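Note sheet for the following structure.
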Amino acid sequence: MELLRKLEILADAAKYDASCASSGTEMRDSRDGKGLGSTSPGMGICHSYAPDGRCISLLKILLTNACNFDCLYCVNRASSNVARARFTVDEVVKLTIDFYRRNYIEGLFLSSGIIRSPDYTMEQVVSVARKLREEYRFRGYIHLKTIPEADEALIAEAGKYADRLSINIETPLEASLTKLAPEKDQRAIRRTMGHLRLKLDETAEAKKTARRARPPRFAPAGQSTQMIIGADQANDRIILSTSSNLYGAYKLKRVYYSAFSPIPDASRALPLQAPPLVREHRLYQADWLMRFYGFEADEIVEENEGMLPLDIDPKLAWALRHRDRFPLDINTASREELLRVPGFGTRTVQRILATRRTTTIRFADLARLNVIRNKALPFIVLSDHRPQPSLLDGAGLAARLRPKPQQLGFGF
C-alpha cells in the first residue's frame, strides 16, 4: 500500500481521539544548532487549541487501525468493515520529520489499535518516539497513547521520550465499559494511571532534591485521559464526579470529553443518535469550573436533575440557583467569591484584585477590565452601581441572560 493511502486511512482513523492538546511541557529548542525542532508551554501539536487560545498543529495518526479488541463504540473494532492499514516505525518517523521540515506540524500525536499483544503494540509506539529523539534529535512535541495492559517498563520508557502520555478511561462507569468493551478492564486502566502518577511524583521530587545531575526525564506535560459522552446512560453529574476523582487521585492534566458519534454497522447496545454537541461544550465549561474556579463537582449539577442545562453556561446556572449570595461588592469581595460571578474569568479577577489595590472600581472601569457586563451587572455592586432587588430576584432574569435565538442560514 502506498504511503499516501496509509496516511489517508490512519489519519482519518485517529479523528475520534480528542485528547491532543499540547500544553504544559518543558521549554526546548534547537537554536544552538543541535537537534531539530522546538517546543514551549502551550505549543506543540494538532489543529487544536492551547489554554491561551493559540491554534497548534499536529500530525495525528494511528500506527495501525487493525485491532484485536471489539469495542462496540469504536469504528476500528475487530468486527468493523473498514479499510485497514499499518505504518512501519520508519514510515511514521519519516512523515513526522518531513512534515515538520515543511512547517506543516509542530509535533506528533501517536496512538494505535492493539495488534498481537499490548506489549508488542506499546513497543512499536515507543520505537517511533525513541528513533525521533535519539537518531533525529527531534525536540518537537510528542504525545503517546499508552496501552494499559502493557509492561510497566515499556510505559516507563515511553515517558522518557514523550512530552505527554494518555490512557483513555473510555466510559465514566465501569459497568458500561464491561458491557461495551469486554476486553478492557477499567481497574487495569486506573492501575496504569496510578503507576504514571507515582513516576511523575518521583520525577518532580527528584528535581527538587537534585543538586548536580539532572533527574531522568519523564513526561513533563503529565498524563491525560478521554471519556466518551452519550454512549451509555451516565448523566453529567456522574461524568463530572468521575472527572473530579481522576483529577484528585491521579493528578491528570486534562480530562477530554468526546461526544459519541454513531458508527456504521453499530451494535444495538449503542444509541441511534449522537448527543447534542453543546452537551460536550457544557461539560468542558464545567470541567474548567472545577480546575480553575474552585467549584466542586457536586455543586455544579443539581442532584435531582443530573444534567447540565444546555441553554446557559454552568456558572450562570449555579449563580441563578444561589441568588442569595449576590450581589457582591467587587471592591471588597474575596478572590474565591469573585470567581463565582458570571462574566468574570480568572484573568478578569486578577485584574480586579490588582486594580482595587490602588483605586475604587467604578462602572466605567468594567470595559477596561474586560468584564462581560450584561452577565455580571445583575450580580455585582460598585460605588456607582447597585442592581435593583427586583432584577436579581425576578423570575425573568434567566430569560434575560439566556442567549437570544438566532435564525439559521440555508447554507447557500
Side-chain angles (χ1 to χ4, degrees), residues 1 6-7 9-20 60-92 108-130 142-159 161-162 164-171 174 176-196 219 223-228 231 256 258 260-261 263-267 269-270:
M1 186 181 290
K6 288 184 182 181
L7 181 60
I9 293 171
L10 295 173
D12 182 71
K15 68 184 179 184
Y16 296 102
D17 207 318
S19 53
C20 58
K60 179 184 176 184
I61 54 176
L62 300 184
L63 186 67
T64 178
N65 65 336
C67 191
N68 298 338
F69 290 2
D70 202 32
C71 306
L72 299 184
Y73 49 78
C74 182
V75 71
N76 301 312
R77 66 192 186 279
S79 61
S80 182
N81 184 23
V82 296
R84 306 287 183 175
R86 177 181 172 184
F87 283 126
T88 65
V89 170
D90 288 339
E91 285 173 336
V92 177
L108 172 69
F109 176 94
L110 184 62
S111 184
S112 181
I114 309 299
I115 49 173
R116 297 194 190 178
S117 69
D119 282 350
Y120 175 80
T121 306
M122 194 71 228
E123 183 182 13
Q124 294 291 293
V125 170
V126 171
S127 294
V128 172
R130 183 194 305 118
I142 296 179
H143 182 158
L144 299 181
K145 268 298 172 68
T146 57
I147 314 299
E149 296 83 0
D151 187 90
E152 286 184 38
L154 286 169
I155 295 178
E157 188 178 7
Y161 302 112
R164 174 169 288 181
L165 299 175
S166 57
I167 309 167
N168 285 356
I169 199 164
E170 307 293 11
T171 62
E174 185 176 349
S176 298
L177 190 64
T178 301
K179 177 182 177 182
L180 300 176
E183 294 98 342
K184 292 186 176 180
D185 182 353
Q186 196 168 104
R187 286 170 294 181
I189 294 170
R190 285 179 174 266
R191 279 198 301 272
T192 304
M193 286 181 175
H195 293 321
L196 286 177
Q223 64 169 318
S224 61
T225 193
Q226 176 175 321
M227 274 192 282
I228 302 169
Y256 291 86
S258 178
F260 168 72
S261 179
I263 56 178
D265 305 317
S267 166
L270 295 172

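This structure is a prediction, so every number in the text was calculated from the model and none was measured.
- A donor-acceptor pair is defined here as one N or O able to donate and one able to accept, closer than 3.5 Å; no such pair exists between the side chain of T121 and the backbone of I114.
- Rounded to the nearest 0.5 Å, atoms CG (N65) and OG (S111) are 11.0 Å apart.
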Exercise. Are T64 and R84 close enough, and set up right, to give a side chain to side chain contact (heavy atoms under 4.5 Å, CB included), and what steps lead you there?
Worked result: CA-CA 8 Å; T64 178; R84 306 287 183 175; over 6 Å; no
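- Considering all non-hydrogen atoms of both residues, A78 and C67 come closest at CB-O, 3.3 Å.
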List the atom pairs, donor and acceptor, that lie under 3.5 Å between side-chain atoms in residues 176-188 and the rest of the protein, sequence neighbours left out.
{"residue": "S176", "atom": "OG", "partner": "D232", "partner atom": "OD2", "Å": "2.7"}
{"residue": "T178", "atom": "OG1", "partner": "E174", "partner atom": "O", "Å": "3.1"}
{"residue": "E183", "atom": "OE1", "partner": "D70", "partner atom": "N", "Å": "3.4"}
{"residue": "E183", "atom": "OE2", "partner": "D70", "partner atom": "N", "Å": "3.3"}
{"residue": "K184", "atom": "NZ", "partner": "E170", "partner atom": "OE2", "Å": "2.7"}
{"residue": "D185", "atom": "OD1", "partner": "R187", "partner atom": "N", "Å": "2.9"}
{"residue": "Q186", "atom": "NE2", "partner": "T171", "partner atom": "O", "Å": "3.1"}
{"residue": "R187", "atom": "NE", "partner": "E174", "partner atom": "OE2", "Å": "3.4"}

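- When side chains are defined from C-beta on, D151 does not count as touching M122, because their heavy atoms never get closer than 4.5 Å.
- Residue A14 comes nearest to K60 through the heavy atom pair O-CE, 3.1 Å, listed as atom of the first residue, atom of the second, then distance.
- Note that the CD atom of E123 and the OG atom of S117 stand 8.5 Å from one another [nearest 0.5 Å].
- Put simply, the side chain of D119 does not reach to within 4.5 Å of the side chain of E149, judged on heavy atoms.
- Summarising the geometry of I167 relative to P148, their closest heavy-atom pair is CG2-CG, 3.5 Å, with the distance given to 0.1 Å.
- Between V128 and F87, the closest side-chain pair of non-hydrogen atoms is not below 4.5 Å.
- Note that the CD1 atom of I142 and the CZ atom of F109 stand 13.0 Å from one another [nearest 0.5 Å].
- Here CG of N168 is found 4.5 Å from CD of Q226. Values are rounded to the nearest 0.5 Å.
- With hydrogens and angles disregarded, no donor-acceptor distance shorter than 3.5 Å links the side chain of T146 to the backbone of I155.
- In terms of heavy-atom proximity, A83 sits nearest to I9 at O-CG2, 3.6 Å.
- For the pair L63/I115, no side-chain contact is recorded, criterion being any heavy-atom separation below 4.5 Å from C-beta on.
- Between V126 and A158, the shortest heavy-atom contact is CG2-CB, 3.8 Å.
- Under the 4.5 Å side-chain criterion, counting only non-hydrogen atoms from C-beta, H143 is in contact with S166.
- The distance from atom CD1 of I147 to atom CD1 of I189, rounded to the nearest 0.5 Å, is 10.5 Å.
- Inter-residue side-chain proximity for I61 and L7 is flagged as met; some heavy-atom pair is nearer than 4.5 Å.
- Side-chain contact between N76 and L62 is present, with at least one heavy-atom pair separated by less than 4.5 Å.
- Minimum interatomic distance between S267 and L72 (heavy atoms only, all atoms of both residues): OG-CD1, 3.6 Å.
- With rounding to the nearest 0.5 angstrom, the CG atom of L10 is 11.0 Å from the CZ atom of R86.
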